[in-house]
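Have a look at the structure below before the remarks.
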Amino acid sequence: MNKPIGYWTKRLDAALEAHLDRTLARLKLSRRQWQTLNVLAETPLSPEDLDGILDPFWGGDRRRRENELGALVGRGMIIMVDDRITLSELGHAKHAEAQQLVEQARHDLSMGIGIDEYAMAVSVLERMTHNAERLAR
């Protein structure tokens with residue numbers, strides 16, 4: 001029986017979450033903490049800008065957001081500088097370590113999928129997401 005795309009996207013998201021959480025647990029990081037470090041590795045951001053970028057991952061759960069960010073602050077990986085959140089020296093080191101694990105996980109997850117297939121899948125999901133968000137307004 002063919003399942004609709006929503007079924008597969010929910011299953012994929014759950015499986016990605018479990019795999020990446022298990023992978024990142026070696027560094028005592030969650031997937032959301034990794035996403036935060038990865039975004040901040042690019043550039044320091046205001047709290048509002050960071051929220052805007054990461055909101056799809058938080059799913060509107062303010063408590064989870066505060067817990068995940070609080071853990072990164074408590075471990076000394078993110079700091080405030082000039083009203084912007086940025087990675088500390090430890091945060092940069094942890095990001096580099098995690099980046100290697102995530103790249104290997106991505107490689108493992110995409111085995112048997114060609115570059116063109118992957119790009120097409122992402123493109124289709126992106127367009128469907130924009131359509132669904134537009135229709136939900």
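The figures here come from the full heavy-atom set of this structure, side chains too, leaving out hydrogens, waters and symmetry mates. Only a predicted model underlies this, so the values are computations on that prediction, with no experimental measurement involved.
- Here the CZ atom belonging to R62 is positioned 4.5 Å from the CZ atom belonging to R65, to the nearest 0.5 angstrom.
- You'll find the side chain of M128 reaches within 4.5 Å of the side chain of I5, heavy atoms only.
- Sequence neighbours left out, not one pair with a member in residues 20-29 passes side-chain hydrogen bond (donor to acceptor under 3.5 Å, both in side chains).
- L27 pairs by the side-chain contact (heavy atoms from CB on, under 4.5 Å) definition with L29, K94, E97, A98, L101, not counting sequence neighbours.
- Side-chain atoms of R127 and S123 form a donor-acceptor pair, as typed in the model, at a separation below 3.5 Å.
- Among residue pairs with one or both ends in residues 7-35, those qualifying as ring pair (Phe, Tyr, Trp, His ring centres under 6.0 Å) are W34-H95; sequence neighbours excluded.
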In sequence, state the C-alpha distance, the side-chain angles, and the governing distance for I78 and L87, and then conclude on side-chain contact (heavy atoms from CB on, under 4.5 Å).
CA-CA 4 Å; I78 61 174; L87 296 184; 3.8 Å; yes
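- A single hydrophobic cluster is not seen to contain both Y118 and V124; linkage of ILVMFWY side chains at heavy-atom distances under 4.5 Å, directly or through other members, places them apart.
- Looking at every heavy atom in both residues, L20 comes nearest to A105 through CD2-CB, 3.8 Å.
- Checking E68 against S30 by side-chain atom types alone, a donor-acceptor pair falls below 3.5 Å.
- Applying the side-chain contact (heavy atoms from CB on, under 4.5 Å) criterion to D49, with sequence neighbours excluded, gives L45, S46.
- More than 12 heavy-atom neighbours from other residues, nucleotides or ligands sit within 6.0 angstrom of CG on D108.
- The shortest distance between side-chain heavy atoms of V102 and N38 does not fall below 4.5 Å.
- From R32, atom CZ reaches atom CG of L37 across 14.0 Å, with rounding to the nearest 0.5 Å.
- In this structure, the separation between CD on E66 and CH2 on W58 is 10.0 Å, given to the nearest 0.5 Å.
- By the side-chain contact (heavy atoms from CB on, under 4.5 Å) test, I115 is found to be paired with no residue, residues two or more places apart in sequence or in another chain being considered.
- The environment of CG in D83 is sparse: at most 12 heavy-atom neighbours from other residues, nucleotides or ligands sit within 6.0 Å.
- H107 is linked by a side-chain contact (heavy atoms from CB on, under 4.5 Å) to Q104, counting only residues two or more places apart in sequence or in another chain.
- To the nearest 0.5 Å, the span separating OG1 on T36 from CG on L50 amounts to 6.0 Å.
- Contact record, I53 with P56: O-CD, 3.5 Å, taken as the closest heavy-atom pair.
- Among R106, Q99, Q100, the one residue that satisfies the side chain to side chain donor-acceptor pair (under 3.5 Å) test with E103 is Q99.
- A single hydrophobic cluster is not seen to contain both L125 and F57; linkage of ILVMFWY side chains at heavy-atom distances under 4.5 Å, directly or through other members, places them apart.
- Note that CG of L12 and CG of L16 are 4.0 Å apart. Values are rounded to the nearest 0.5 Å.
- Atom NZ in K10 sits 8.0 Å away from atom CG in D13 (nearest 0.5 Å).
- For the pair I79/V73, no side-chain contact is recorded, criterion being any heavy-atom separation below 4.5 Å from C-beta on.
- Contact between P44 and T86 at its shortest, heavy atoms only, is CG-OG1, 3.5 Å.
- Under the 4.5 Å side-chain contact rule for hydrophobic residues, M120 and I113 do not share a cluster.
- Linking ILVMFWY residues whenever their side-chain heavy atoms come closer than 4.5 Å, directly or via other members, places M77 and M80 in the same cluster.
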